[in-house]
Amino acid sequence: MRMRIKRTAVAFLVVPVLFLFAGVVGLKMTSRSVVWSYTEEGSVSRLPIFVLFNPFRDKAVESASEEALKSIRNGRCKEVVRGLRRSDRYRSLCENLKSDSIIDWKMVFREDRSNDVTVFYKTKRASSETFDDEIGITFNSENRRSWRLTDIGTIY
């Protein structure tokens, strides 16, 4: 009788561990950075309201976008956009961010394409107490190792 109880207890411990292991391996094997997302129909924002990120995704581009946001927060917006094509297009963005600066942000979505990745953030401005604004930062890479900023803009 005791032997049967021990086997049952071991089975109840081993089976969930095997499922957890299979799930981790499955996530690791998938190359997608977003495992699942849900966008509400009729939502004003085009960003999903729920996102499940792959914990094993390559986060290098996210680090690069964080550095760009830190530079913008510290008043160096013009330096960030200087190398972009049509940099005059970003002049109003920098002026807007100078008059109502970004004080905090949180990543809410990431969109991967062949050589481009856009990282989306909800931002908190100096004039607001909530994360109301959305900003997208796009990077390009030929080898997925070094990332070059190609676009930045607020989302309306």
Side-chain angles (χ1 to χ4, degrees), residues 16-17 19-156:
V17 169
F19 275 111
L20 181 64
F21 179 75
V24 168
V25 169
L27 280 175
K28 184 74 174 156
M29 302 275 294
T30 181
S31 62
R32 299 178 344 175
S33 56
V34 175
V35 176
W36 186 77
S37 65
Y38 174 73
T39 304
E40 192 172 33
E41 272 188 50
S43 174
V44 175
S45 172
R46 72 179 192 124
L47 298 178
I49 60 172
F50 179 80
V51 177
L52 178 62
F53 289 106
N54 181 347
F56 304 109
R57 70 189 181 276
D58 179 10
K59 297 178 185 171
V61 70
E62 295 168 21
S63 297
S65 64
E66 289 276 334
E67 289 302 315
L69 284 171
K70 286 177 188 174
S71 293
I72 290 169
R73 179 186 60 197
N74 294 332
R76 297 192 306 269
C77 181
K78 289 182 181 175
E79 292 173 24
V80 170
V81 301
R82 182 174 293 135
L84 301 177
R85 286 183 303 187
R86 304 184 327 258
S87 62
D88 56 323
R89 171 182 160 219
Y90 302 101
R91 187 173 298 132
S92 63
L93 172 71
C94 288
E95 290 170 6
N96 183 0
L97 293 173
K98 187 176 182 181
S99 66
D100 190 15
S101 62
I102 294 175
I103 58 173
D104 200 6
W105 56 84
K106 55 184 175 181
M107 187 177 93
V108 293
F109 191 57
R110 176 178 161 161
E111 188 175 77
D112 292 61
R113 292 173 300 284
S114 59
N115 291 334
D116 293 331
V117 175
T118 303
V119 184
F120 297 93
Y121 292 90
K122 289 264 190 185
T123 60
K124 184 179 188 182
R125 300 286 188 99
S127 64
S128 176
E129 295 192 17
T130 60
F131 289 86
D132 293 330
D133 296 323
E134 298 169 353
I135 191 166
I137 304 175
T138 303
F139 287 86
N140 178 275
S141 177
E142 296 299 322
N143 58 13
R144 301 292 250 186
R145 292 175 199 243
S146 61
W147 295 94
R148 183 176 54 85
L149 180 70
T150 58
D151 192 24
I152 185 169
T154 53
I155 303 165
Y156 298 104

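We number each residue from 1, following the sequence as shown.
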**Student:** Apply side chain to side chain contact (heavy atoms under 4.5 Å, CB included) to the pair N54 and V34, showing each step before the final yes or no.
**Tutor:** CA-CA 6 Å; N54 181 347; V34 175; over 6 Å; no
**Student:** Do E111 and V117 pass the side chain to side chain contact (heavy atoms under 4.5 Å, CB included) test, and can you show the C-alpha distance, the side-chain angles, and the key distance before you say yes or no?
**Tutor:** CA-CA 6 Å; E111 188 175 77; V117 175; over 6 Å; no
**Student:** Roughly how far apart are T123 OG1 and I103 CD1, rounded to 0.5 Å?
**Tutor:** 9.5 Å
**Student:** Check whether any side-chain heavy atom of L97 lies under 4.5 Å from a side-chain heavy atom of I102, and answer yes or no.
**Tutor:** yes
**Student:** CD1/I49 to OH/Y38 distance, rounded to the nearest 0.5 angstrom?
**Tutor:** 5.5 Å
**Student:** Listed by chain and number, what are the salt bridge (Lys or Arg N to Asp or Glu O under 4.0 Å) partners of K122, not counting sequence neighbours?
**Tutor:** E134
**Student:** Evaluate the side-chain proximity of I135 to W105: yes if any heavy-atom separation is below 4.5 Å, no if none is.
**Tutor:** no
**Student:** Which pair of heavy atoms, one from V51 and one from V108, lies closest together, and at what distance?
**Tutor:**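 Between these two residues, the closest heavy atoms are CG2-O, 3.2 Å.
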**Student:** Please round to the nearest 0.5 Å and tell me the distance separating atom CG of L47 and atom OG of S37.
**Tutor:** 10.0 Å
**Student:** side-chain contact (heavy atoms from CB on, under 4.5 Å) with S127: which residues, sequence neighbours excluded?
**Tutor:**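 S127 satisfies side-chain contact (heavy atoms from CB on, under 4.5 Å) with D100, R125 only.
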**Student:** Side chain to side chain contact (heavy atoms under 4.5 Å, CB included) for V81 and I152? Distances and angles first, verdict last.
**Tutor:** CA-CA 8 Å; V81 301; I152 185 169; 3.9 Å; yes
**Student:** List the steps and the verdict of side chain to side chain contact (heavy atoms under 4.5 Å, CB included) for V80 and L149.
**Tutor:** CA-CA 8 Å; V80 170; L149 180 70; 3.5 Å; yes
**Student:** Any chance you could measure E66, atom CD, to K70, atom NZ, to the nearest 0.5 Å?
**Tutor:**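 Between atom CD of E66 and atom NZ of K70 there are 6.0 Å.
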**Student:** Taking only residues two or more places apart in sequence, or in another chain, which ones meet E95 in a salt bridge (Lys or Arg N to Asp or Glu O under 4.0 Å)?
**Tutor:** none
**Student:** Holding to salt bridge (Lys or Arg N to Asp or Glu O under 4.0 Å), I want the full list of residues that pass it with E79, two or more places apart in sequence or in another chain.
**Tutor:** R76
**Student:** Less than 4.0 Å between a side-chain N and a carboxylate O, is that true for D104 and K106?
**Tutor:** no
**Student:** Would you please name every residue forming a ring-ring contact (aromatic ring centres under 6.0 Å, His included) with F50, sequence neighbours left out?
**Tutor:**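 ring-ring contact (aromatic ring centres under 6.0 Å, His included) list for F50, sorted by chain: W36.
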**Student:** List in chain and number order the residues that pass side-chain hydrogen bond (donor to acceptor under 3.5 Å, both in side chains) with S141, two or more places apart in sequence or in another chain; answer none if no residue qualifies.
**Tutor:**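 S141: side-chain hydrogen bond (donor to acceptor under 3.5 Å, both in side chains) contacts with N143.
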**Student:** Restricting to non-hydrogen atoms, name the atom on G136 and the atom on F120 that form the minimum distance, rounded to 0.1 Å.
**Tutor:**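 Closest approach of G136 to F120, heavy atoms only: CA-CD2, 4.0 Å.
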**Student:** Applying side-chain hydrogen bond (donor to acceptor under 3.5 Å, both in side chains), name anything that partners W147, two or more places apart in sequence or on another chain.
**Tutor:** none
**Student:** Not counting sequence neighbours, which residues clear side-chain contact (heavy atoms from CB on, under 4.5 Å) with K98? List them please.
**Tutor:**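 side-chain contact (heavy atoms from CB on, under 4.5 Å) check on K98 returns nothing, list empty.
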**Student:** In chain order, what residues pass the side-chain contact (heavy atoms from CB on, under 4.5 Å) check against T39, with sequence neighbours excluded?
**Tutor:**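 T39 satisfies side-chain contact (heavy atoms from CB on, under 4.5 Å) with P48 once adjacent residues are dropped.
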**Student:** For a quick test of reading the model, state the closest non-hydrogen atom pair linking R85 to Y90 and the distance between them.
**Tutor:** O-CE1, 3.7 Å
**Student:** Output yes when a side-chain donor or acceptor of S128 lies under 3.5 Å from a complementary backbone atom of K124, and no otherwise.
**Tutor:**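 The answer is no, because no donor-acceptor pair under 3.5 Å joins these two groups.
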**Student:** List the residues meeting salt bridge (Lys or Arg N to Asp or Glu O under 4.0 Å) with R57, not counting sequence neighbours, and say none if there are none.
**Tutor:** E62
**Student:** Could you measure the distance from the OG1 atom of T118 to the CZ atom of F109? Nearest 0.5 Å is fine.
**Tutor:** 10.0 Å
**Student:** Determine which pairs satisfy disulfide (SG to SG under 2.5 Å) with at least one residue from residues 46-79, sequence neighbours left out, and list them in order.
**Tutor:** C77-C94
**Student:** With sequence neighbours left out, write down each residue that passes side-chain contact (heavy atoms from CB on, under 4.5 Å) with D116, or none if nothing qualifies.
**Tutor:**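 Once residues adjacent in sequence are excluded, the partners of D116 under the side-chain contact (heavy atoms from CB on, under 4.5 Å) criterion are R113, T138, N140.
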**Student:** What is the distance from atom OG of S33 to atom CG of D112, rounded to the nearest 0.5 Å?
**Tutor:** 3.5 Å
